[in-house]
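Notes follow the structure.
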Amino acid sequence: MSAPASRSVIDALQARRPGSARFVGGCVRNALMGRPVDDLDIATQLPPDAVMEALKAAGIRAIPTGIDHGTVTAVIGGEGIEITTLRRDVETDGRRAVVAFTEDWAEDAARRDFRLNALYVTPDGTLHDPTGGGIADAAAGRVIFIGDADQRLKEDYLRILRFFRFNAWYGAEMDAAGLAACERQKAGLAQIAAERVWKEFRKLLAAPRPGAAVQAMQETSVLAAIIGDDLGGAHRTVRLVAAERAAGEAPDPMRRLLTLVPGSQGWIDQFAGRLRLSRSDHGRLSAWANPDLPAVGAGPPAAIRAALYRYGAEAVLDRALVEHARSNAPVTEPFLSLVRTWTPPRFPLGGADAKAAGLTGPAIGEALRAAEARWIDSDFQSNRQDLQVRLAAHRNEP
């Protein structure tokens with residue numbers, strides 16, 4: 001918040017109207033909690049057109065990213081800073097809100113989700129807590145809805161997932177009233193676009209220790225509302241988090257998701273379609289669910305290398321760590337070392353070799369696959385000459 005680019009944006013707004021701009025939300029919360037600040041949001045009493053004019057007057061690029069809802073993005077130093085005019089809700093339907101602009105900081109705070117997210121700080125460092133509980137919540141690690149929890153959720157049902165996400169990242173003890181409200185309103189998640197649900201859930205799973213939040217989601221059936229089945233996997237998520245830490249692996253939301261879903265390709269295809277997962281995310285789930293993929297976390301080096309060659313390091317590591325979380329299958333240090341350091345060799349034969357051996361048509365692919373399997377079984381020790389002999393032998397097989 002004290003960076004030159006941030007100050008330039010604030011100064012541009014203040015020049016238009018002194019006292020009209022404050023930093024708000026996550027950047028203030030994280031600064032109070034001693035957490036990294038990864039994005040900046042500014043709230044202002046200026047209407048959106050005045051924000052655009054103030055930025056342009058200061059030579060700052062202004063993009064009307066959500067101007068109907070009062071949001072303008074200032075682009076400076078290659079980074080974007082969102083500036084939003086103070087708002088109050090006129091109408092809500094659980095998915096989106098019709099808003100009116102206001103100059104009242106307390107009105108703007110009242111429409112936000114949690115007290116620790118409704119904190120504002122002026123350019124001189126003065127902290128404002130309109131709800132009266134945000135500072136204390138940030139200090140104690142409490143995630144508490146502003147006002148009536150059920151009403152906040154009915155305004156936007158995605159806040160159910162935000163409650164669990166913020167608890168996963170910042171909460172020390174889950175607020176019982178908020179948890180009960182999430183359980184009562186969970187059916188409203190069906191109204192939320194699948195992409196928004198998955199984005200929020202993925203952020204939750206990326207938290208350093210999401211296990212308690214996932215467990216609470218399971219106990220309130222909120223998890224079943226997302227996954228589609230009550231699969232009872234929260235305890236496996238906790239075990240996977242411990243396994244990741246022991247293995248020196250960074251938090252991985254996709255791998256953590258694997259502890260919560262069955263290894264059925266049909267189920268995964270349906271799930272990926274319902275939540276509209278990206279092709280990459282869908283592919284990762286499918287790779288883990290491959291029935292031919294072995295769990296070689298404690299296997300001999302040759303078996304580990306064969307699996308790495310056939311399926312790739314990511315799928316092999318996913319399978320080993322998730323099987324450890326599911327059934328306590330061992331994951332050894334030699335396995336982890338091979339996954340991180342081994343570079344798969346290149347198969348030394350190609351189509352030209354098969355043709356030179358007198359093979360034609362479908363026999364070319366069959367012979368190359370057989371030779372490659374033999375090469376893998378030799379722990380990649382068979383040389384090119386041995387493999388060429390194998391090709392020639394294949395030509396003579398019935």
Side-chain angles (χ1 to χ4, degrees), residues 26 38-39 65-66 82 93-97 113-114 117 143 152-171 179 182-183 185-234 236-238 240-241 244 250-289 314-315 318 321-322 325:
D38 53 11
D39 62 354
T65 45
E82 281 198 353
D93 63 3
R95 293 178 295 172
R96 60 182 70 87
D113 49 12
F114 310 115
N117 287 342
V143 181
R152 293 288 80 75
L153 295 176
K154 290 176 183 178
E155 292 166 356
D156 183 356
Y157 289 111
L158 191 66
R159 287 172 173 169
I160 295 171
L161 293 186
R162 286 175 62 82
F163 174 80
F164 292 104
R165 171 164 73 90
F166 279 93
N167 270 286
W169 280 92
Y170 304 108
L179 185 63
C182 289
E183 184 172 17
Q185 302 299 331
K186 61 181 179 293
L189 284 170
Q191 299 183 32
I192 304 299
E195 296 91 340
R196 295 181 69 202
V197 169
W198 169 234
K199 182 179 180 181
E200 197 67 35
F201 190 39
R202 184 178 184 132
K203 288 179 180 178
L204 185 160
L205 291 174
R209 294 180 181 273
V214 174
Q215 184 72 48
M217 290 176 68
Q218 182 178 310
E219 292 171 354
T220 55
S221 297
V222 171
L223 185 60
I226 299 171
I227 300 295
D229 295 283
D230 186 0
L231 302 173
R236 296 194 293 261
T237 308
V238 174
L240 176 63
V241 170
E244 284 178 335
D252 189 324
M254 286 303 298
R255 184 180 296 131
R256 291 166 174 187
L257 176 65
L258 298 176
T259 65
L260 301 172
V261 302
S264 160
Q265 189 61 63
W267 191 98
I268 283 172
D269 290 343
Q270 184 181 44
F271 173 77
R274 181 161 51 83
L275 284 192
R276 300 187 180 180
L277 268 58
S278 68
R279 182 177 298 179
S280 174
D281 288 346
H282 186 180
R284 184 163 179 191
L285 291 178
S286 296
W288 164 77
E314 184 175 70
D318 283 348
L321 290 179
V322 173

### Query
When you measure from the side chain of Gln218 to the backbone N and O of Ala234, does any donor-acceptor pair fall under 3.5 Å?
yes

#### Entry: Inter-residue atom distance Ile226.CD1 - Ser221.OG, 0.5 Å rounding
11.5 Å

### Task
Can you measure from CZ (Arg255) to OG1 (Thr237) and round to the nearest 0.5 angstrom?
13.0 Å

### Task
Could you please spell out the steps behind the side-chain contact (heavy atoms from CB on, under 4.5 Å) verdict for Arg284 and Asp252?
CA-CA 12 Å; Arg284 184 163 179 191; Asp252 189 324; 2.8 Å; yes

What side-chain donor-acceptor pairs closer than 3.5 Å can you find for residues 202-210, not counting sequence neighbours?
residue, atom, partner, partner atom, Å
Arg202, NH1, Asp281, OD1, 3.1
Arg202, NH1, Asp281, OD2, 2.5

Considering only heavy atoms from C-beta outward, does the side chain of [X] approach that of [Y] to under 4.5 Å?
X	Y	value
Leu223	Phe201	yes
Val214	Val238	no
Asn167	Phe114	no

### Query
What do the steps show when you test Trp198 against Leu257 for side-chain contact (heavy atoms from CB on, under 4.5 Å), and what is the final call?
CA-CA 11 Å; Trp198 169 234; Leu257 176 65; 3.7 Å; yes

Can you give the donor-acceptor pairs under 3.5 Å from side chains of residues 158-166 to other protein atoms, not counting sequence neighbours?
residue, atom, partner, partner atom, Å
Arg159, NH1, Arg152, O, 3.0
Arg159, NH1, Glu155, OE1, 2.9
Arg159, NH2, Arg111, O, 2.8
Arg162, NE, Asp113, OD2, 2.8
Arg162, NH2, Asp113, OD2, 2.8
Arg165, NE, Glu200, OE2, 2.3
Arg165, NH2, Glu200, OE2, 3.0

### Message
For His282 and Ile268: C-alpha separation, side-chain torsions, deciding distance, then whether side-chain contact (heavy atoms from CB on, under 4.5 Å) applies.
### Response
CA-CA 8 Å; His282 186 180; Ile268 283 172; 4.1 Å; yes

#### Entry: Distance-only side-chain donor-acceptor flag, Gln265 / Ser286, under 3.5 Å
yes

### Query
So which pairs with a foot in residues 250-273 pass ring pair (Phe, Tyr, Trp, His ring centres under 6.0 Å), sequence neighbours left out?
Trp267-Phe271

### Task
Locate the shortest heavy-atom distance separating Leu260 from Ile227; write the atom from each residue and the value.
O-CG2, 4.2 Å

### Message
Assess the residue pair Leu321 and Thr259 against the criterion (side-chain contact (heavy atoms from CB on, under 4.5 Å)); give the C-alpha distance rounded to whole Å, side-chain angles, the decisive distance to 0.1 Å, and a yes or no.
### Response
CA-CA 10 Å; Leu321 290 179; Thr259 65; over 6 Å; no

### Query
Should the heavy atoms of other residues, nucleotides or ligands under 6.0 Å from CZ of Arg276 be counted, would the total exceed 12?
no

